[in-house]
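No hydrogens, no waters, no symmetry mates; every other heavy atom, side chains included, goes into these values. As the structure is a prediction and not an experimental result, all values here were calculated from the model.
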Amino acid sequence: MAQRAMSEGYQATPDEAEKGPTQRKSSAFNRRKSSAVPDVPAAILEASELSVADRRLAELGYVQVYKREFSWLSCISFAFAISGLYATVTTTYIYPLEAGGAASTVWCWLISGGGCYCIALSVAELVSAYPTCGGLYFTCKYLAPEAWVPEIGWLVGWLNLLGQVAGAASTEYGCGQLLLAAVSMSTNFTYVPTDRQTVGVMAASTLLHSILNSLKTSYLEKMTKTYVIFHIAVLVACCITLLVMCDNKHDSHYVWTDVTNNSGWTPNGWSFLFGFLSASWTMTDYDATAHIAEEIKSPEIKAPWSIAAALGFTWIGGWLFTIVLAYTMGDPTEILGSPMAQPVAQVFYNVTGRNAGIFFTVAAYIVLNFTAMTAIQAGSRTIWAYARDEMLPGSRIWYKINKSTDTPIYATWLFTVCCVLINLIGLGSYTAIVAIFNLTAIALDWSYCIPVICKLLYGKFEPGPFHLGKASVAINITAVAWTTFVTIIYVMPTIRPVTKENMNYVVVLMAAVALFAIIYWYASGRYYYTGPRVKAQLIMGVEGDASSNDEKKAPIADSPREIHVN
């Protein structure tokens, strides 16, 4: 006889079991006073008719909606794209160069990359165990104490979403900066971009990326998997060209030991630490691949391994690229004073000449476009996942799936509007917008570390196929310790003397965000948000029914394509 097993998303307590099924209510649902949408029964799914990935998703409480289009190559490419290694190093190299010169660019990347990689491995481990579009936010349901799941989920969810929006906005702004730097180079610097022009190019780039993200998943998969080949080819070509064409390379003693403090901070050792920012801003958004987990075949394996492989390559590849730049950059003072305000683009120009310099700068622009495109895809899936759990105002709208493309177009354009609005701040104050960009890594890294802390404290974690084994606890502790340490660097102004133009206002923004989250929770959120919901119940058929169905497709794929929150 078939047995009905509710998904792991809800388990009755012993006291509730005695009351019978008609009287059971979790403490979270007892306090619920209102909801964005009415409750309806969870979908009933037969395990024997589901693929392994869809069955696991049903066990976690959700119905499969998307088509699983992403393969190994496209998944790894997506994970690699989100860091935008070549382009992000190009746009952030100024920070270690100001902080400590050549030695800071080289050593800080190596050290910071190691700390960031511990975060990436910790994230990959959790993604393997709980592969859903909610990413690390969803893991709180299984890692945190049951009574605290709504509060912790709320905190992690908003931190993650804030970090993704700010990160995508900064990427789009970088696209504008790089393209206009190439234009400036083509005029021999007679043209100097303005903030207004940068914002205009940013807005056009963001609209283009959102249009692409409104296409079918199959199109996104095809565009994504070509990226990794292009990115690595450009990176290798750039390194070889710089080494071959640079006639006046620095010697190894200079590259590895010279500390030139251009930041104004004392002592030099403290200034040196600001070099950590480049790697930390490049190696972030680790869980972006998790947010497309429901579009990946075998996500419990491919998503975590893609994160580990892509971030490992980013760590080592980025370090090698910074070494090449340190040997070939010439006079740091000269490139820091570049009229383009892009030191690496100036290095391209100085070493390779105008035409090749334009080529490598435009290549960085193209790479950053792919980063922005994947960031919007991950961000839109995050909004969709939060709407599924009724975490956002207007969840009924953001959870809709377009009939033609099978993608959450409303969520995509909501994410787009948020990115553009943030960047419009650049019209009034570049200092303010930089502070928002600084918030990216802080918000994202803590949205990862809070679930990791829950994993360490409460012992509820059940590993998936990708597991760190005996090294898990040590790597997790290192990830949390590193995030705590580098957060101090994030909030400090990088230049002295501190003025209103170069002040780092991220502390003010952090306080404002924290205050907003607390007020919003007590004023509204606690009355309707109960943590990740149960949208599916799994029926386990007679023994042997599910023995040979790994490749079968769930009937739910044929359900109506315009999905509404339950």
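- With respect to Tyr95, the ring-ring contact (aromatic ring centres under 6.0 Å, His included) criterion is satisfied by exactly one of Phe272, Trp281, Phe437: Trp281.
- In the model, Ser447 has no side-chain atom that pairs as donor or acceptor with a side-chain atom of Trp158 under 3.5 Å.
- With Trp265 as the aromatic partner, Arg496 meets the cation-pi criteria of under 6.0 angstrom to the ring centre and within 45 degrees of the ring axis.
- The ring of Phe189 has its center closer than 6.0 angstrom to the ring center of Tyr349.
- Salt-bridge check for Arg396 with Glu390: failed, with every basic side-chain N at 4.0 Å or more from each acidic carboxylate O.
- Exactly one residue among Trp109, Tyr117, Phe80 makes a ring-ring contact (aromatic ring centres under 6.0 Å, His included) with Trp315. That residue is Tyr117.
- At a cut-off of 3.5 Å, with distance as the only test, a side-chain donor of Gln164 or Thr382 sits close to an acceptor on the other residue.
- Exactly one residue among Tyr529, Tyr522, Tyr137 makes a ring-ring contact (aromatic ring centres under 6.0 Å, His included) with Trp154. That residue is Tyr529.
- Using a 3.5 Å distance cut-off with no hydrogens or angles, the side chains of Trp446 and Thr487 do pair a donor with an acceptor.
- Atom CH2 of Trp482 is surrounded by more than 12 heavy atoms from other residues, nucleotides or ligands within 6.0 Å.
- There is a side-chain donor-acceptor pair under 3.5 Å between Glu221 and Ser74.
- When only modelled atom types and interatomic distance are considered, Thr483 and Asp445 share no side-chain donor-acceptor pair under 3.5 Å.
- No side-chain heavy atom of Ile383 sits under 4.5 Å from any side-chain heavy atom of Tyr410.
- Ser77 contributes a side-chain N or O that, together with a main-chain N or O of Val228, makes up a donor-acceptor pair within less than 3.5 Å.
- Side-chain contact of Asp287 with Tyr448: a donor-acceptor pair under 3.5 Å is present, judged by distance alone.
- Not one N or O on the side chain of Ser104 forms a donor-acceptor pair closer than 3.5 Å with the backbone of Gly101.
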